[in-house]
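Following: one structure in structure tokens, then a few remarks.
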Number of protein chains: 2
Amino acid sequence: MASQRGEGETTATPLEPADRERARAIPEAAVARLAVYLRVLSGMADQGVTAVSSEELSQAAGVNAAKLRKDLSYIGSYGTRGVGYDVEVLVSHIERILGLTRNHSVAVVGIGNLGHALANYGGFPGRGFPVTALFDVDPDLIGIPVGGIPVNHIDEITAVCLEREVSIGVIATPPPAAQSVCDRLVSAGVQCILNFAPVVLQVPDNVEVRKVDLAVEMQILSFHVARRADEAASVSDGNGLGVDGMVIRP
Amino acid sequence: MASQRGEGETTATPLEPADRERARAIPEAAVARLAVYLRVLSGMADQGVTAVSSEELSQAAGVNAAKLRKDLSYIGSYGTRGVGYDVEVLVSHIERILGLTRNHSVAVVGIGNLGHALANYGGFPGRGFPVTALFDVDPDLIGIPVGGIPVNHIDEITAVCLEREVSIGVIATPPPAAQSVCDRLVSAGVQCILNFAPVVLQVPDNVEVRKVDLAVEMQILSFHVARRADEAASVSDGNGLGVDGMVIRP
DNA sequence: TCGACTTTGTGCGTGCGTTCACAAGCGGTA
DNA sequence: TACCGCTTGTGAACGCACGCACAAAGTCGA
């Protein structure tokens, strides 16, 4: 982590002070949507589309057109009134704001089913996220290359992360190991963590954690299944009476 | 597997009308947190803890205590003032609200790296989500069991989903196939979809979609890396010190 | 050059979700 | 039984984000 930004020359495009100001003010929700816009725009660019209106783009991204324009306004005014947005221009500005002009070296910890899948994505979806280090505790895995990267023992995490300038750590371990792995990543200077383990991680303030929690996602869906089923039931059973005779539906 | 929910008598515990009313009013964000509370509580129950205060529970779940109490109040008043909550009671009420008293049969479409990983979880984290069907287009995969379930051809999706009463579809296909798979799931009567493909799915209003988007997650982290780097840069124009006094430039 | 049309950028009202703060309620204790 | 301390449950204030609606600003055709 120490020399992530090289001295003198850096591969990353630094943000203009005006943009810094902006970046600080972008709502988290808008950042997530910007990433979606970026993907849609990239797809359009690949198909030779050069210009797009907020209406078209918003529809492709599945959001409200006004919201999209507001989101884009957070990063500056790069549209042309009466015409729309230049796809290339928008792509490059979103990439810049999202920090995608620099490479983010990724380490995956826990090479089980999920870890394998993640490692094999190799250079994550959307590029710019090369997986450069893999870790596990299983002696049978150490040294075996997965997706082209040999697996290191987890004890080497600090040294390897520093050496390869890992900026994002992905935790794909069993739940009991997650917090300990997290602590090690943090002490190796990793400030951004993507956590697949169903555990609430405790981290210092200066570390950013995003969690991907399958169980929670499934349970949210389950909630909706149940809600739907109950709505259907309450329509079909037809008495509209609550537990103690209280009328729920007027 | 065909008779997961018997005809006539259902294994699912129906919600009382009073709870139905409540379930409808629970904010989406709160539902997600309830799932987290549930996991923490289950862990506590396994360790023999029988009672817990909102303060303890909120800390373990990584949220504000007041928010936790409000979240719990959405599902009813099951705490004891001056004491706290009974773990078992809370677990069973959250399970009921989230619809976890019934089994939710899951189909995974796209048996690549990720699909394999998902299928092998076998009965999803937290139980209650048995994977009962797998689909792919690759002829080499058809019939091969993964995690105990043989892979079906995707053309059989409607028949198999209906037969096995699939209520949740998981899309783990390459992006170009996702929308088509989604359409097929919907026409097979699946109303809840968990989408891992980096595509914005278009679905009818009565279908619930949750998406897990690795690229977006990585890019959000990237944004934070960039923001941090810029903050450090704007601070360090002289002292070379980072946020917590750590030397960024040796 | 002018006018009509199109689309952006944004000020503002609205609604939802979070947080605060306190009254209500319960168990323990004298 | 009456009091005390603790914790819940929730009313109310706050803040953020969404969406509307419109002015500003640009293009295109005449």
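All of these numbers come straight from a predicted model, not from anything done at the bench. Numbered from 1 within each chain, the chains take letters A, B, ... in sequence-line order.
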Given axes from five pairs at either end, by how many degrees does the helix from dT1(C)-dA30(D) to dA30(C)-dT1(D) bend, rounded to 10°?
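That helix has its two terminal axes inclined by roughly 0°.
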Nearest 0.5 Å, please: how far is [atom2] in [Y] from [atom1] in [X]?
X: I26(B); Y: R33(B); atom1: CD1; atom2: CZ; value: 11.0 Å
X: L100(A); Y: F223(B); atom1: CG; atom2: CZ; value: 11.0 Å
X: C182(A); Y: N195(A); atom1: SG; atom2: CG; value: 7.5 Å
X: Q219(B); Y: L214(B); atom1: CD; atom2: CG; value: 11.0 Å

Applying side-chain hydrogen bond (donor to acceptor under 3.5 Å, both in side chains), can you list everything that pairs with E28(A), at least two apart in sequence or on another chain?
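For E28(A) the side-chain hydrogen bond (donor to acceptor under 3.5 Å, both in side chains) partners, ignoring immediate neighbours, are R210(A), H224(B).
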Kindly indicate whether the side chain of K70(B) and the base of dT19(C) share any N or O donor-acceptor pair separated by less than 3.5 Å?
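Flag set: donor-acceptor pair detected.
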What string of B, S and - do you get for nucleotides 22-30 of chain C, 5' to 3', if B is base contact, S is sugar-phosphate-only contact and - is no contact with any protein heavy atom under 4.0 Å?
--BBBS---
Can you list the residues that meet the side chain to side chain contact (heavy atoms under 4.5 Å, CB included) rule with [X], with sequence neighbours excluded?
X: A178(B); result: I171(B), T173(B), A197(B), V199(B), L201(B)
X: V225(A); result: R102(B), H104(B), C192(B)
X: N206(B); result: Q191(B), P204(B)
X: K70(B); result: S73(B), Y74(B)

Tell me whether S222(A) contacts the main-chain N or O of L98(B) through its side chain, where contact means a donor paired with an acceptor under 3.5 Å.
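Between the backbone of L98(B) and the side chain of S222(A) there is a qualifying donor-acceptor contact (under 3.5 Å).
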Could you list where the contact with chain A starts and ends along DNA chain D, reading 5' to 3', using a 4.0 Å heavy-atom cut-off?
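Under 4.0 Å from chain A, the extent on DNA chain D is dA17(D) to dT27(D).
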Sequence neighbours excluded, which residues qualify as salt bridge (Lys or Arg N to Asp or Glu O under 4.0 Å) partners of R69(B)?
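Checked R69(B) against salt bridge (Lys or Arg N to Asp or Glu O under 4.0 Å); zero matches.
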Rounded distance (Å) that lies between atom [atom2] of [N] and atom [atom1] of [X]:
X: Y78(A); N: dT10(C); atom1: OH; atom2: P; value: 12 Å
X: I26(B); N: dT18(C); atom1: CD1; atom2: P; value: 13 Å
X: E28(B); N: dC16(C); atom1: CD; atom2: P; value: 14 Å
X: D71(A); N: dG9(C); atom1: CG; atom2: C1'; value: 13 Å

Among residues at least two apart in sequence or on other chains, which ones pass ring pair (Phe, Tyr, Trp, His ring centres under 6.0 Å) with H93(A)?
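Once residues adjacent in sequence are excluded, the partners of H93(A) under the ring pair (Phe, Tyr, Trp, His ring centres under 6.0 Å) criterion are Y78(A).
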Can you list, by residue number, the residues of residues 51-68 of chain A that have a non-hydrogen atom closer than 4.0 angstrom to DNA chain D?
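The stretch gives N64(A), A66(A), K67(A) as the residues lying under 4.0 Å from the strand, ordered by number.
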Which side-chain hydrogen bond (donor to acceptor under 3.5 Å, both in side chains) pairs, counting each pair once, include a residue from residues 174-184 of chain B, with sequence neighbours left out?
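Sorted pair list: D155(B)-R184(B), Q179(B)-D183(B).
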